[in-house]
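So that the names make sense, note that chain A is the first sequence line, chain B the second, and so on, each numbered from 1. For clarity, every value in this text was computed on a predicted model and none was experimentally measured.
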Amino acid sequence: MTTRVRFAPSPTGMLHIGGARTALFNWLYARHTGGVFVLRIEDTDHARNTQEAVDVIFKGLEWLGLDWDEGPSKGGNHGPYFQSQRREIYQGYVKRLMDSGRAYEDHGAIRFKFPKQVMTVPDLICGSIQIDLTPEPDMTIVRPDGSFIFHLVNVVDDIEMKITHVIRGEDHLSNTPKHLALYEAFGVPPPAFAHIPLILNRDGSKMSKRDAGAAVGEYLDKGFIPEAVRNYLCLLGWSPKDDSEIMPIEEIIRRFDFPQINRHNARFDMDKLQWMNAKYLATMPPERFNALAMPLLEKAGYLAAARAPSGEEMSPYAQKVLSLVKEKVKQLSDVVDMTVFFFKDDHPRDPEAETKTLKKAGASERLAELRSLLEKTEPWTAAQLESQFKQLAAGKGIKTAEYIHPARVAVSGRGIGPSLYHMLEVMGRDCVLRRLEKLKG
RNA sequence: GACCCCAUCGUCUAGCGGUUAGGACACCACCCUUUCACGGUGGAUGCACGGGUUCGAGUCCCGUUGGGGUCGCCA
């Protein structure tokens, strides 16, 4: 039998990181088993359910590369995939319950009569869980205004959509006996359940919608790359059981299965995500890095001038600049600050670095020596610059660093940055001399 | 409060009765080095607690504590 799993988010205006992880695990299991991943939008009669809110879900899933096989914009034989369009189906199921005496009216609402017994939930991750439904008051399944309650529609849709494995957050574990009772009342064998642990904040508290880092969109905006976020999320609650961490998604798909899923909640560690993101950034092909970073430079206004400070055309210049910082970037958005001095003559300057190196005794003499050296350095390449710097220092009997540090601060305004010689090469002689000259006055 | 789930370094985790308790992030030191990173080497930090079972317990059982979840005419 083909595995059929589903992700059934409610359009709340954000895609929660926990929801994204649930979607990811469903997707992984579908891909691992060669099954079908269904996307169903649980937009049951709610004012907050807007088109924009639905788009946020699509965008988030697409960004993470979690493509669905059936659902909105994909279609399928079990639609419609919006609960708001499935009222007749729910009505039919409710009628069956009424007819069989399993549901009854109560002050205009319809309630489902719970079996007074201990229900056993067989769970692929948590094992066998027993919960007593006896003390539970019968649950409402239809409101007086005719709208349906989550538990009812969720079960009905899973039945109708032929879902074989319900993979969802552990917050649903306690509700599962109610769902089991519904399956029983409909005379349908229930799907297999797999309740996955929750994602908590770094401090162990529950991650709610308002917490920093709770929305997938934030990662997109901050310049995280989707493969890194996805890879990190895979490792939260699932383990390959050896020491593998950064893995291509194909490998994760191959190795993913329920036995390796943990039973305890995990805390979200932004530091580790950042590290992983930096790894992905550093190892990706330069073309892709440039494609991702150029729009940020554009947005920062760096590319507005026709010519770069070096005098050459802007676009090739910007690409060279990016190649200098690629391996130092933690988040893509870092490139804006890291490269500002390559594009703006009036870039910000770090007073601390200037005091430390430029105000140092002998610094202006060094810079003057550098000016005359750089005027005639030929060819203007990193290798040649390096050898010239070294010769100059050797001739004066001092360390090359005595020239390097002032030069760096002089042209960039800060004490840290890419390799100095490569930096100078990219900036070009005119720009470098211009900045040294300006500093003199 | 009742019920359910969970518990290994600060964090993510490996461990499925006998291990010097391993790895990763973060942290510290050193090395590399023109700075910052990267990389390399080394280090500190952990089995929540108390009872059992067993020759032997991080591993099994019970309890306690702690954390999380569920108890809606939210999803």
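Counting any heavy atom pair closer than 4.0 Å across all strands shown, A:N154 reaches no nucleic acid atom. Residue contacts for A:G237: at a heavy-atom cut-off of 4.0 Å it reaches the sugar-phosphate backbone alone, with no base atom in range. A:K279 comes within 4.0 angstrom of sugar-phosphate atoms only, judged by non-hydrogen atoms across all strands, and of no base. Residue-level contact check: A:R202 touches the bases, meaning some heavy atom is under 4.0 Å from a base atom. Here A:P418 lies in heavy-atom contact (under 4.0 Å) with a base. Counting non-hydrogen atoms under 4.0 angstrom, A:L420 reaches a base of the nucleic acid. Contacts of A:E136 with the nucleic acid, taken as non-hydrogen atoms under 4.0 Å apart, involve only primed sugar atoms and P, OP1 or OP2. Across all strands shown, A:Y421 has heavy atoms under 4.0 Å from base atoms, whether or not it also approaches the sugar-phosphate. Within 4.0 Å (heavy atoms only), A:T400 reaches no atom of the nucleic acid at all.
Inspection of the A:Q51 and A:D55 side chains reveals an N or O donor paired with an N or O acceptor under 3.5 Å. Counted by atom type alone, A:T44 and A:Q83 present one or more donor-acceptor pairs between their side chains at under 3.5 Å.
Contact between the side-chain N/O atoms of A:H264 and the OP1/OP2 oxygens of B:U13 is found at a separation under 4.0 Å. In terms of phosphate contacts, A:K241 brings a side-chain nitrogen or oxygen within less than 4.0 Å of OP1 or OP2 of B:G15.
A donor and an acceptor atom sit less than 3.5 Å apart, one in the side chain of A:R408 and one in the base of B:U34.
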Practice task
Give the C-alpha distance, both sets of side-chain angles, the deciding distance and a yes or no for side-chain contact (heavy atoms from CB on, under 4.5 Å) between A:H422 and A:K320.
Solution key: CA-CA 10 Å; A:H422 296 273; A:K320 284 184 208 163; over 6 Å; no
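Here B:A7 sits opposite B:U65 as a Watson-Crick or G-U wobble pair (both hydrogen-bonding atom distances under 3.5 Å).
In this structure, A:R96 is positioned above the aromatic face of A:Y93, its NZ or CZ under 6.0 Å from the six-membered ring centre and within 45° of the axis.
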Practice task
Let me have a per-nucleotide readout for nucleotides 41-50 of chain B, 5' to 3', with B, S or -, counting only protein heavy atoms under 4.0 Å.
Solution key: ----------
